[in-house]
Amino acid sequence: MSTRRGPRMVLLGKQGSGKGTQGERLAVQFGIQHLSTGQMFRDSATAGVTAGLEAKDFMDRGELVPDELVIAVVHERFQNPIEVQPGFVLDGFPRTKQQALELDSILEAYPIDIVIDLDVPTDIVVDRMRARGREDDTEESIRRRLELYDAETKPLVDFYRERSVLTTVNGLGTEDEVNASLLKAVSSRFPNERE
Ligand code: AMP
């Protein structure tokens, strides 16, 4: 018997590339869950939960939260296959090779359908981060996060390209334009709800 499901996707892209905004829209459009590790940490820091407070210290400095901590949070969320099977948008995870390998073992029988590299030039994301003025958007942490993106996260583009699940989408344009490009990219990889 087959059941309909939505796509299982990962959004890669620099901070300020629009992953959060677009991830939320895609989740609504496909009726799937949106999982942002950054947002999960911000929520748990606000709630005073230990993992969140520990993470906040790294986030405020523009550092990556240590893999063990991030992986534990994603593990908890994806413990039950029922959470994974119907589809999801992962936004901001994985950000390192170790996280990507860990994600494989978490997903096991439910592999990722599509990884989208939301591409926006560095000078534009810097302007966007300055303008959004989030607590962790200081000049120093913006610089550090871009440095870490190049060193730790950019290699995942090749990692997923080699698996033939990668698509690059131009992240410049209005929200609606970028959303339309994303929908087109998803439907070319995931033509019908299936399985
Ligand atoms: P974001 O909301 O995606 O911009 O993430 C905000 C901050 O949370 C990042 O600058 C990191 O400090 C931390 N963070 C979020 N996701 C991860 C991750 N997968 N690995 C390490 N740190 C993360």
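Worth knowing before you read on, the calculation uses all heavy atoms, side chains too, and leaves out hydrogens, waters and symmetry mates. From a predicted model like this one, the values you see are computed outputs, not experimental measurements. In listed order, ligands and their atoms are each counted from 1.
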Which pairs of donor and acceptor atoms, one on a side chain in residues 56-65, lie under 3.5 Å apart (sequence neighbours left out)?
from : atom 1 : to   : atom 2 : distance (Å)
K56  : NZ     : D60  : OD2    : 2.8
K56  : NZ     : E135 : OE2    : 3.1
D57  : OD2    : R61  : NH2    : 3.3
R61  : NE     : D57  : O      : 3.3
E63  : OE1    : R144 : NE     : 3.4
E63  : OE1    : R144 : NH2    : 3.3
E63  : OE2    : R144 : NE     : 2.8

**Q.** D136/R145 salt bridge by N-O under 4.0 Å criterion
**A.** yes
Q.
Check this for me, if you would: do R5 and D113 make a salt bridge, where the nitrogen-to-carboxylate-oxygen distance has to be below 4.0 angstrom?
A. yes
List ligand 1's nitrogen or oxygen atoms that come under 3.5 Å of a protein nitrogen or oxygen, with the partner atom and distance.
from     : atom 1 : to   : atom 2 : distance (Å)
ligand 1 : 2 (O)  : R42  : NH1    : 3.0
ligand 1 : 2 (O)  : R42  : NH2    : 3.0
ligand 1 : 3 (O)  : R95  : NH1    : 3.2
ligand 1 : 3 (O)  : R95  : NH2    : 3.0
ligand 1 : 4 (O)  : Q15  : NE2    : 2.7
ligand 1 : 4 (O)  : R134 : NH2    : 3.1
ligand 1 : 5 (O)  : Q15  : NE2    : 3.4
ligand 1 : 10 (O) : Q15  : NE2    : 3.0
ligand 1 : 12 (O) : E63  : O      : 2.7
ligand 1 : 16 (N) : T37  : OG1    : 2.7
ligand 1 : 16 (N) : G92  : O      : 3.3
ligand 1 : 16 (N) : R95  : NH1    : 2.6
ligand 1 : 19 (N) : G92  : O      : 2.8
ligand 1 : 19 (N) : Q99  : OE1    : 2.9
ligand 1 : 20 (N) : Q99  : NE2    : 2.9
ligand 1 : 22 (N) : V65  : N      : 3.0

Q: Using modelled atom types only, decide if a donor and an acceptor are shared between the side chain of R130 and the backbone of D137 within a distance under 3.5 Å.
A: no
Q. Within the distance-only criterion (no hydrogens, no angle test), does the side chain of N80 pair as donor or acceptor with the backbone N or O of I82 below 3.5 angstrom?
A. yes
Q. Between the side chains of T96 and D67, does any donor sit under 3.5 Å from an acceptor?
A.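 The answer is yes; a qualifying pair exists.
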